[in-house]
2 protein chains.
Amino acid sequence: MSIKERKELEKSEMRGLILNTAMNLFLDKGFENITIRNIAEKIDYSPATIYLYFKNKDDILFTLRKIGFEKLYEHQVSSLKFDDPLKRLHRQGKTYIKFALENPEYYDLMFIMRGAVARTLDINNCDVGLDSYELLKKNVKECMDEGLFPRTDIDVAAFALWSYVHGIASLIIRGVGIMFPEEGINDIIEGSLNFMLKFDDHKNRNKKKLDLSNKQKTTGENI
Amino acid sequence: MSIKERKELEKSEMRGLILNTAMNLFLDKGFENITIRNIAEKIDYSPATIYLYFKNKDDILFTLRKIGFEKLYEHQVSSLKFDDPLKRLHRQGKTYIKFALENPEYYDLMFIMRGAVARTLDINNCDVGLDSYELLKKNVKECMDEGLFPRTDIDVAAFALWSYVHGIASLIIRGVGIMFPEEGINDIIEGSLNFMLKFDDHKNRNKKKLDLSNKQKTTGENI
DNA sequence: TCAATAAATGAACAGTGTTTAGTTATGAGC
DNA sequence: GCTCATAACTAAACACTGTTCATTTATTGA
């Protein structure tokens with residue numbers, strides 16, 4: 001039995017070696033420029049060997065994706081020691097963007113690349129990948145329970161918030177940053193987060209003035 | 001001269017034919033599955049002929065990208081006949097998402113694919129592609145001028161809004177919709193847009209109550 | 001030591017984007 | 001009409017890609 005265990009260990013070590021090597025190469029040159037032969041050469045094996053440990057190239061990407069989701073989840077939980085759920089949510093957003101910008105290749109793999117999200121969230125149903133989303137929903141729910149949010153469908157609210165941070169992250173990763181002057185990207189992230197949060201403060205401050213002056217009622221009309 | 005003109009016309013017609021055929025094939029089977037040979041075969045030419053009209057495959061994608069930006073811009077201006085800049089902005093957002101979901105292959109090409117945004121907004125500086133963004137900035141500025149927005153850096157505000165709609169569009173395009181129940185995606189879009197807009201209404205309504213009761217001042221603290 | 005199993009590979013297959021040498025069509029000048 | 005330069009086009013190849021499979025090499029239990 002011990003020898004069988006060793007075999008299995010070696011097998012999983014080999015898988016780890018391949019995954020590690022692949023990711024390092026990806027980080028270095030980008031997915032589209034890395035081939036199975038590159039990976040094999042780097043670890044001094046023949047290309048065919050790779051296929052003894054992974055069904056195909058997509059299987060490697062898929063596995064790395066799962067690792068990415070685990071990494072993201074770790075980032076998320078580690079920075080969630082705030083009592084106020086709104087603060088927690090804000091921090092979660094910043095952590096999310098931070099993860100994306102510090103691990104752009106992972107983020108690409110997980111959320112931008114074709115077939116990334118769907119394949120992970122579908123096939124691997126209720127497994128990793130949904131964890132971070134559940135965390136988000138939990139925070140959203142608490143915000144609603146504490147009256148910090150309007151009470152709407154939790155999925156919709158979570159989706160809206162996710163969309164926002166995903167939009168920021170993916171645009172920056174795709175190089176939209178070059179449109180801005182030399183001052184760091186961080187100001188833009190912080191600024192845009194603040195803008196979104198202050199947005200309605202301002203709007204309502206105006207509206208409040210009106211309310212007080214001529215008792216205008218909020219109609220809730222779709223703008 | 002007339003004959004030279006005809007030649008040039010034929011040349012541009014051939015380019016158009018290639019682009020059209022390529023895009024139709026892309027729409028049908030997705031980029032990653034379409035080859036130069038596919039395109040050539042469809043129009044009954046040899047693969048080598050394609051290279052007489054386009055430098056390489058990326059050149060085709062790049063040109064289609066430019067066409068996509070023109071299409072987007074048309075969509076944007078056509079639906080901007082509102083007087084209220086905030087309404088205009090809201091409509092622009094909805095139009096943007098509509099364009100993305102109705103032309104997912106174009107949108108992918110323009111904003112999601114690797115090298116999409118940067119290459120288009122950089123190389124083609126001050127040309128197409130920036131038009132829509134300038135339109136957005138113009139609207140943002142007007143909103144600020146009319147006091148509907150807090151006065152912040154226009155680029156930051158525009159980036160925040162763009163991020164939001166891009167996030168929605170790209171997540172849905174990547175198949176996040178499957179996470180939601182059977183009811184249409186439209187409800188989610190509308191809902192999440194409304195959520196973001198109502199967000200602070202609600203928050204401030206609460207805050208207002210507090211303000212009135214114990215004169216608490218808005219600190220502007222970073223949450 | 002020997003058969004059986006596992007691990008690794010060389011060589012090939014079908015496909016890709018791209019280049020180049022060579023062929024075919026076109027239009028101008030005689 | 002006939003030449004001839006120019007333009008349009010292509011067959012064939014090149015260097016790649018992901019992937020498979022027959023074959024070889026290494027490891028193990030009897």
Side-chain angles (χ1 to χ4, degrees), chain A residues 1-26 28-65 109 113-116 119, chain B residues 1-26 28-65 109 113-116 119:
Chain A
M1 195 64 84
S2 160
I3 173 164
K4 189 174 183 180
E5 280 174 3
R6 202 208 61 202
K7 286 268 170 176
E8 276 172 17
L9 185 72
E10 280 176 2
K11 192 123 190 164
S12 88
E13 269 175 0
M14 184 65 166
R15 277 178 63 94
L17 178 63
I18 293 169
L19 288 172
N20 242 323
T21 310
M23 197 66 210
N24 283 337
L25 287 172
F26 290 159
D28 226 46
K29 322 235 186 213
F31 312 106
E32 59 273 23
N33 304 314
I34 297 304
T35 71
I36 296 286
R37 284 173 176 84
N38 292 149
I39 301 169
E41 194 182 12
K42 195 84 174 185
I43 59 176
D44 291 317
Y45 279 88
S46 112
T49 303
I50 306 282
Y51 289 87
L52 299 177
Y53 297 89
F54 292 93
K55 210 170 104 270
N56 50 32
K57 196 182 182 184
D58 212 55
D59 190 20
I60 298 176
L61 294 187
F62 180 73
T63 311
L64 286 173
R65 220 168 302 194
L109 209 50
M113 264 187 74
R114 210 144 179 150
R119 215 173 298 176
Chain B
M1 193 64 87
S2 160
I3 173 163
K4 188 174 184 181
E5 278 172 5
R6 202 208 60 200
K7 287 266 174 177
E8 278 172 17
L9 185 71
E10 279 175 4
K11 192 121 190 165
S12 89
E13 268 175 2
M14 183 67 164
R15 276 178 65 94
L17 178 63
I18 292 170
L19 288 173
N20 242 324
T21 309
M23 197 64 210
N24 282 337
L25 288 171
F26 289 159
D28 225 46
K29 322 235 186 213
F31 312 106
E32 58 273 23
N33 304 314
I34 297 305
T35 71
I36 296 286
R37 283 175 177 83
N38 292 151
I39 301 168
E41 194 181 13
K42 195 84 174 182
I43 59 175
D44 292 316
Y45 279 89
S46 113
T49 304
I50 306 282
Y51 288 87
L52 299 176
Y53 296 90
F54 292 93
K55 210 170 104 269
N56 51 32
K57 195 182 182 184
D58 212 56
D59 190 19
I60 297 176
L61 293 187
F62 180 73
T63 310
L64 286 173
R65 219 168 302 193
L109 208 52
M113 266 187 73
R114 209 145 180 149
R119 215 173 298 173

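First the proteins, then the strands, lettered A, B, ... as listed; each starts at 1.
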Can you tell me the distance, in whole Å, between the [atom1] atom of [X] and the [atom2] atom of [N]?
X	N	atom1	atom2	answer
N33(A)	dG17(C)	CG	C1'	14 Å
L17(A)	dA7(C)	CG	P	16 Å
I36(B)	dT19(C)	CD1	P	11 Å
N38(A)	dT17(D)	CG	P	6 Å
D59(B)	dG17(C)	CG	P	14 Å
K11(A)	dT5(C)	NZ	C1'	12 Å
D58(A)	dG18(D)	CG	C1'	12 Å
E32(B)	dG15(C)	CD	P	18 Å

*Quick one: the side chain of R37(B) and the base of dG15(C), do they pair up donor-acceptor inside 3.5 Å?*
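No.
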*How would you list, by chain and number, every residue that makes a side chain to side chain donor-acceptor pair (under 3.5 Å) with D59(B), sequence neighbours excluded?*
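D59(B) satisfies side chain to side chain donor-acceptor pair (under 3.5 Å) with no residue once adjacent residues are dropped.
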_Strictly distance-based, threshold 3.5 Å: is any side-chain N or O of N38(B) a donor or acceptor partner for the main-chain N or O of T35(B)?_
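Judged by distance alone, yes, a pair lies under 3.5 Å.
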*Counting any heavy atom closer than 4.0 Å, what does I34(B) reach on the DNA or RNA strands: base, sugar-phosphate only, or nothing?*
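The answer is sugar-phosphate, as I34(B) gets under 4.0 Å only of primed atoms, P, OP1 or OP2.
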*Apply side-chain contact (heavy atoms from CB on, under 4.5 Å) to Y53(B) and list each qualifying residue two or more places apart in sequence or on a separate chain.*
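Partners of Y53(B) under the side-chain contact (heavy atoms from CB on, under 4.5 Å) test: K11(B), M14(B), R15(B), I18(B), T49(B).
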*Check whether any side-chain heavy atom of D28(A) lies under 4.5 Å from a side-chain heavy atom of I34(A), and answer yes or no.*
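No, side chains not in contact.
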_For a side chain to side chain contact (heavy atoms under 4.5 Å, CB included) check, start with the C-alpha distance between T63(B) and I60(B), then their side-chain angles and the critical distance, and finish with the verdict._
CA-CA 5 Å; T63(B) 310; I60(B) 297 176; 5.8 Å; no
*asked:* Closest approach to the side chain of T35(B), judged atom by atom: which nucleotide of dT16(C), dT19(D), dT17(D) is it?
replied: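 Minimum distance to the T35(B) side chain belongs to dT16(C).
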_For a quick check under 3.5 Å, do T21(B) and N24(B) share a side-chain donor-acceptor pair by atom type?_
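N24(B) and T21(B) do not have a side-chain donor-acceptor pair below 3.5 Å.
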_Distance check, rounded to the nearest 0.5 Å: L17(A) atom CG versus I43(A) atom CD1?_
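Interatomic distance, L17(A) CG to I43(A) CD1, rounded to 0.5 Å: 5.0 Å.
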*Kindly state which residues belonging to residues 39-56 of chain B come within less than 4.0 angstrom of DNA chain D, counting heavy atoms of the residue only, listed by number.*
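Contacts with DNA chain D under 4.0 Å: Y45(B), S46(B), A48(B), T49(B), L52(B), Y53(B).
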